[in-house]
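Written below as structure tokens is the structure these notes are about.
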Amino acid sequence: MRAFFLALALASGLALAQEDPVVAQVGEEALTKSQFELRFGLFAKSALRALGLPDTPETQALLAQYRAPYLEALAEERALLQVARAKGFFPLPDSVEARVEELRAAFPEEGALEGALREAGVPDLEAYRTLLAEALALEALEAHYREGLVVSPAALKLLWLLSPAYRHGALYCARHILLPTLEAAKEAMGRLERGEAFPEVAQALSQDPGSKDSGGDLGCEPVGTYLPAFEKALLALKPGEVSPPVRTEYGYHLILLERVVPPGRYPLEEVAKDLEAPVQDLAWEKLAKALIRKVPIRLFPERL
């Protein structure tokens, strides 16, 4: 009889293992299919949202080709989490719980919170705690190492000189005043003709919320930035000139061309952060690979 119960227990364990097989072995951690499905589901929802597609069985099927590559990326993430834990970057339970309480406060009742989590692809609050702790650990680990990833000024300047993305044609530095009617535009033009400064009139009268407070300032932009009628009037001006009222779908514009910047490069100091970002991202990717090099990873994509 004892042998019978032992055999029954072994059979039950085998059945459970078959229902939730190990799809990756990361160091001593076994990543099961259910763990993979939770995280791939979150990835799929995010990807579909970014693409502007509905979350349906049909659109989910489009992402099936990414399951095996995602398993590899997920296994590397699990390895990086092991590094984060070993180096003390995992958040304390109290700090995780404080974030959970912030989330709770945004919902009128627990049921609403649980419904929102399920809608996002997270089965329950406990799973959310786990995902949150892991995300915070990875953020802390990455932030720690990124502090030391400094791009030298010489490298930045070389990238700036070689990259066509930071070259530009002529730039037209302009201001405008947007008015709802032709009569209002003529009234504003009269104030300008009587000697009032363009920025002051723009602040007083313009209906454009994006530029009103800065005196109608539109910055310095290349050809192709504005609506055709607006741009045609702008290009007909000489620096210092103001256009007659120009009608567009938004209303009537008075346009001041302040100056024209000749073709050249955007100043290095203005684009330095844009130049640094991809270099630092690539450096972090290589460093992350180095950090997990000693963690053995075995993948079993055939079990997905």
Q: May I ask you to check whether over 12 heavy atoms, not counting those of F107, lie within 6.0 Å of atom CZ?
A: yes
Q | Given V150, V151, L275, the one that forms side chain to side chain contact (heavy atoms under 4.5 Å, CB included) with Q280 | A | V151
Q: Answer yes or no: are there more than 12 heavy-atom neighbours, outside R167 itself, under 6.0 Å from its atom CZ?
A: yes
Q. To the nearest 0.5 Å, how far apart are OH in Y252 and CD in Q207?
A. 14.0 Å
(Q) Once side-chain hydrogen bond (donor to acceptor under 3.5 Å, both in side chains) is applied, do any residues pair with E249, and if so which ones, sequence neighbours excluded? (A) none
Q.
If hydrophobic clusters are built from ILVMFWY residues whose side chains come within less than 4.5 Å, do L237 and V223 share one?
A. yes
Q: Starting from the C-alpha separation in whole Å, work towards a yes-or-no answer on side-chain contact (heavy atoms from CB on, under 4.5 Å) for R129 and E126.
A: CA-CA 5 Å; R129 284 189 181 92; E126 193 55 40; 3.2 Å; yes
Q.
Within the supplied structure, the quantity of interest is the number of heavy atoms (other residues, nucleotides, ligands) at a distance under 6.0 Å from R104 CZ; does it exceed 12?
A. yes
Q) Just by distance, with hydrogens left out, do H253 and S243 show a side-chain donor and acceptor under 3.5 Å apart? A) no
Q | Q65, CD atom: more than 12 neighbouring heavy atoms under 6.0 Å | A | yes
Q.
In terms of relative ring orientation, are F43 and Y66 parallel, tilted or perpendicular, with 30° and 60° separating the classes?
A. perpendicular
Q | Cation-pi check, R85 onto F90 ring (under 6.0 Å, within 45° of axis) | A | yes
Q | Validation row, ring centre F36 to ring centre F40 under 6.0 Å | A | yes
Q: Assess whether atom CD of E196 is packed by more than 12 heavy atoms of other residues, nucleotides or ligands within 6.0 Å.
A: yes
Q. Which atom pair, heavy atoms only, marks the closest approach of I255 to A233?
A. CD1-CB, 4.0 Å
